[in-house]
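Have a look at the structure below, then the notes.
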Amino acid sequence: METRRDFLAQAAVGAIAVAAAPAAHAIGYAPVPAGTPHTLPALPYAAEALEPYIDAQTMNLHHGKHHQAYVTGLNKAEDELAKARQSGDFALIQHWSKQAAFHGGGHWLHSMFWKVMAPAGKGGGGEPTGDLLTAINESFGSFDAFKKQFTAAAVAVEGSGWALLHYRQADQRLIILQAENQHKLTSWGTTPIMGIDVWEHAYYLKYQNKRADYVNAWWNIVNWQQVAANLR
Ligand code: MN
């Protein structure tokens with residue numbers, strides 16, 4: 001009986017898979033095949049394009065070394081978790097789960113970070129418009145109030161971390177949160193649509209200990225079109 005039911009279930013799945021194959025997106029589940037490694041996305045501009053606000057040396061190290069390390073770390077963690085599933089040995093589950101959260105947080109946040117910046121005057125800087133501005137006004141009162149809160153959150157991150165603008169699905173509001181490291185202090189049901197990296201590796205070569213100068217300069221290179229696209 002069990003065998004017959006399993007057979008019927010598999011036959012049904014197979015039939016659905018064949019029938020639905022041309023419209024896989026219609027069922028909303030088309031994952032990248034298991035075991036496919038994560039890769040470092042290319043910068044959407046030259047390393048020196050954000051000068052004078054972020055220098056080329058910082059960009060090259062930040063993207064080529066730091067972000068790459070998160071990609072490598074995430075792949076390693078996911079490989080180890082796959083091995084644990086195969087062997088049934090979960091002795092290091094806490095370690096690899098933490099590694100997956102840390103490096104995964106780093107990979108996704110940096111992938112967003114590069115895109116929400118653009119050269120000043122060529123897509124970077126200015127102020128948001130349209131639906132994004134409306135959402136900011138409704139959530140924070142005004143763009144100026146939003147900018148002050150976001151700046152304060154970024155400057156005040158304890159140690160290494162981020163200030164992040166999130167979209168919260170439940171009430172369709174924008175909220176500002178800090179993240180320590182790449183993943184701590186966040187909430188649930190929220191999606192970051194913009195963020196500034198305030199790890200020292202993001203600014204120390206140019207700004208040394210003056211994080212506030214870096215945060216204030218950063219507004220000159222925010223790509224509001226991309227933030228608006230992220231909100232959509
Ligand atoms: Mn970083």
Side-chain angles (χ1 to χ4, degrees), residues 37-78 96-120 123-125 147 149-167 176-187 190-224 226-227 230:
H38 303 283
T39 56
L40 182 68
L43 283 178
Y45 35 70
E48 66 273 18
L50 303 182
E51 289 188 351
Y53 305 106
I54 300 180
D55 58 289
Q57 187 183 12
T58 294
M59 287 298 292
N60 279 323
L61 289 168
H62 198 177
H63 175 256
K65 303 296 182 186
H66 291 277
H67 189 173
Q68 179 62 59
Y70 301 129
V71 172
T72 303
L74 177 59
N75 285 330
K76 172 72 172 171
E78 292 190 347
W96 292 117
S97 298
K98 285 184 180 180
Q99 289 285 296
F102 174 80
H103 290 289
H107 179 34
W108 305 123
L109 285 184
H110 285 85
S111 298
M112 175 187 69
F113 183 55
W114 313 129
K115 291 170 75 173
V116 298
M117 298 188 290
K147 192 172 171 182
Q149 181 182 338
F150 190 91
T151 298
V155 172
V157 170
E158 186 175 14
S160 299
W162 299 72
L164 298 167
L165 176 65
H166 290 256
Y167 173 71
I176 295 167
L177 294 174
Q178 295 178 322
E180 288 179 3
N181 292 353
Q182 313 286 10
H183 57 309
K184 298 176 184 175
L185 301 186
T186 193
S187 185
T190 72
T191 304
I193 62 170
M194 166 186 158
I196 179 173
D197 186 340
V198 293
W199 283 58
E200 287 183 347
H201 67 225
Y203 64 87
Y204 212 84
L205 288 177
K206 181 176 178 67
Y207 296 92
Q208 290 83 48
N209 61 324
K210 298 184 283 291
R211 183 194 285 177
D213 289 357
Y214 158 67
V215 174
N216 285 319
W218 187 75
W219 292 107
N220 291 292
I221 49 173
V222 175
N223 182 346
W224 292 111
Q226 182 63 52
V227 180
N230 292 347

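All ligand and atom numbering here is 1-based and tracks the order in the structure.
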task: Quick one: the NE2 of H201, the Mn ion (ligand 1), NE2 of H110 angle, rounded to 10°, please.
output: 150°

task: Consider only side-chain N and O atoms of D197 and H62, and report whether a donor and an acceptor are under 3.5 Å apart.
output: yes

- prompt: Any luck finding a side-chain donor-acceptor pair between H66 and H110 under 3.5 Å?
  reply: no

query: In D197, which N, O or S atom comes closest to the Mn ion (ligand 1)?
result: OD2

message: What I want to check is whether the side chains of W218 and T151 have a donor and an acceptor closer together than 3.5 Å.
response: no

message: With respect to the Mn ion (ligand 1), please indicate if H67 possesses an N, O or S atom at a distance under 2.8 Å.
response: no

- request: Taking both backbone and side-chain atoms into account, decide whether H66 has an N/O/S atom under 2.8 Å from the Mn ion (ligand 1).
  value: no

query: Would you say the side chains of H67 and H107 form a donor-acceptor pair under 3.5 Å?
result: yes

